[in-house]
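Report on the structure given below.
Values in this document were obtained by computation on a predicted structure and should not be read as measured data. Note that the numbering runs from 1 along the sequence shown for the chain. Both ligands and their constituent atoms are indexed starting at 1 by order of listing.
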Amino acid sequence: MSKKIISDLDPTVLSGRAVLVRADLNVPLESGEVADDQRIRASVPTLRLLTDAGARVILLSHLGRPKGAPDPAYSLAPVATRLADLLERPVRFVPTPTGPEVDSAVADMKDGDVVLLENTRFLPGDTKNDAGLAATWASLGDLFVNDAFGSAHRAHASTSGLAEAVKARGGEAVAGLLLAKELRFLGDALAEPERPFVAILGGAKISGKIEVIDALLPRVDRLLVGGAMANTFFEALGLETGASLVEEDRIEVARETLERAGDRLLLPVDCVVASDIAPGAATRVVERSAVQEGDRIADIGPATRTIFGREVAGARTIVWNGPMGVFEVDPFAEGTVALAEAVANACDGGATAVVGGGDSAAAARRAGVADRITHISTGGGASLEFLAGDVLPGVAALTEQD
Ligand code: ADP
Ligand code: MG
């Protein structure tokens, strides 16, 4: 990456400085508490680097999709509490993203202090990339650190807008440690993968991922396709898919992709089907050519687990996005769990694996193998857009390395 990283700066220049940090603290809440703190934990190294250096940290993030107005259901207050525990230092929460309360909290800061502003999306200007809003935040500090990989694919006022606004005032906009790490792992996997390079794609939909297939196909040695995505490919092969999830308007694209891919693209050879995707549903394992009317394909079958497992075991670089089946529902988790284990085993043997996508990350954790996988990306959409070869606006706006 040619962008400047926070660790490129001499720590002495950080002491006493007001530093704006955009993190991705967009975590699930349940009854007003943080239900999963992965993203908060992932933000800690950058924050600790800054506080240890004596910077005054003004932290911004969005959470969920409030409609451009304050909504207590999306308050970052519970995040401030959890962050303080993880950082082992106080985090002052300001219940508004801009205004006099923010200004006075910032004016009160001492070296090493952390202030977390309320959800940036409580203001309509954030997602509209409002330049005035970005300038308001930029006036609070003279260094911007973007560590929000999960939001880097969006040009918002608190991401690329703020980077531009800080640079316009003569300051610098640099990547945080997490953002840099994400780009390094994903970038290295694409740029110079150790071979064999195997990509695995699954999940619910083909639509958002066809660009990823296009970008990956020329680079990979094998592309394994599972999940509901495979169903649309089955249709393209003229197979019966019963009542399975299929994207009718993508069958033609799937057909073209199959032609282009040749034997590099592997589809499931068998599936787990049920008439109802529910816990306790009666399931059958069938060859992909034996799916009946009324069947719903909900997982890859055992023969496919073996074939995909063998490909993964032989790989030196692995990129995985999207579960192999409806892993949230017990009878249909086996394919995804087996794949997660195969990926972790490959990593134990020295392979490099990068997992992108919120559900895939959850599946790896559910399989109990997350800590054996080289890198689990904190960004779903962002990692896909990066893999598809798109420029991420939140990255593009950062200052170039000297
Ligand atoms: P990620 O979040 O990792 O990018 P996606 O959001 O694309 O993954 O897809 C995950 C969803 O795909 C899961 O909710 C899972 O239940 C669903 N899914 C996987 N296989 C199937 C299938 N055969 N039929 C219906 N849904 C499926
Ligand atoms: Mg998902």
message: Tell me whether E247 contacts the main-chain N or O of I206 through its side chain, where contact means a donor paired with an acceptor under 3.5 Å.
response: yes

task: Kindly say whether V253 contributes a backbone atom to a donor-acceptor pair with the side chain of T257 at under 3.5 angstrom?
output: yes

task: For the pair R222 (side chain) and L266 (backbone), establish whether a donor and an acceptor sit closer than 3.5 Å, ignoring hydrogens and angles.
output: no

message: With 2.8 Å as the threshold, which protein atoms of type N, O or S lie near the Mg ion (ligand 2)? Leave waters out.
response: D359 OD2

message: Check this for me - ligand 1, A228, N or O atoms closer than 3.5 angstrom, yes or no?
response: yes

message: So does R56 get a backbone contact from the side chain of D113, meaning a donor-acceptor N/O pair under 3.5 Å?
response: no

message: Below 3.5 Å, N or O to N or O, backbone or side chain included: is there any such pair between S360 and ligand 1?
response: yes

message: Quick check against the 3.5 Å criterion: does S2 have a side-chain atom that pairs as donor or acceptor with the backbone of Q401?
response: no

- line: heavy-atom search around atom 14 (O) of ligand 1 in the protein gives E328 OE2, 2.4 Å

message: I'd like to know if the side chain of D295 reaches the main chain of V273, judged simply by a donor and an acceptor atom lying under 3.5 Å from each other, with no hydrogens or angles considered.
response: no

- prompt: Strictly under 4.0 Å, does any heavy atom of K209 approach an atom of ligand 1?
  reply: yes

- line: If we number the atoms of ligand 1 from 1 as shown, the ones under 4.0 Å from a heavy atom of G227 are 20 (N), 23 (N)

field: ligand 1 atoms in contact with G322 (distance to a heavy atom under 4.0 Å)
entry: 3 (O), 8 (O)

task: Pick, from V212, D359, N321, the option with the minimum heavy-atom distance to atom 4 (O) of ligand 1.
output: N321

- prompt: Judged by modelled atom types alone, do T378 and E182 share a side-chain donor-acceptor pair under 3.5 Å?
  reply: yes

task: State whether the side chain of R219 and the backbone N or O of A215 hold a donor-acceptor pair below 3.5 Å, judged by distance alone.
output: yes

message: Can you tell me which residue among L9, V13, V166 is in a side-chain contact (heavy atoms from CB on, under 4.5 Å) with E172?
response: L9

message: Quick test: of every protein heavy atom, which one is nearest to atom 26 (N) of ligand 1, and how far off is it to 0.1 Å?
response: V326 CG2, 3.7 Å

field: Sub-4.0 Å heavy-atom contact, G358 with ligand 1
entry: yes

Counterpart residues, side-chain hydrogen bond (donor to acceptor under 3.5 Å, both in side chains), relative to T232 (two or more places apart): none

- prompt: What's the shortest distance from atom 19 (C) of ligand 1 to any protein heavy atom, and which residue and atom give it?
  reply: G325 O, 3.1 Å

message: Starting from atom 12 (O) of ligand 1, what is the nearest protein heavy atom, named by residue and atom, and what distance separates them?
response: A204 N, 3.0 Å

message: Treating T399 as the side-chain partner and A173 as the backbone partner, does any N or O pair qualify as donor plus acceptor under 3.5 Å?
response: yes

message: Considering non-hydrogen atoms of the protein only, which is the closest contact for atom 23 (N) of ligand 1, and what is the distance?
response: I297 O, 3.0 Å

field: D299 side chain to V272 backbone, donor-acceptor under 3.5 Å
entry: no

- prompt: For atom 8 (O) of ligand 1, which protein heavy atom lies nearest, and how many Å away is it?
  reply: P323 CD, 3.5 Å

query: With only distance considered, is N231 within less than 3.5 Å of ligand 1 through an N or O on each side?
result: no

message: Assess whether a salt bridge exists between D37 and R41, defined as any Lys/Arg side-chain N lying under 4.0 Å from an Asp/Glu carboxylate O.
response: yes

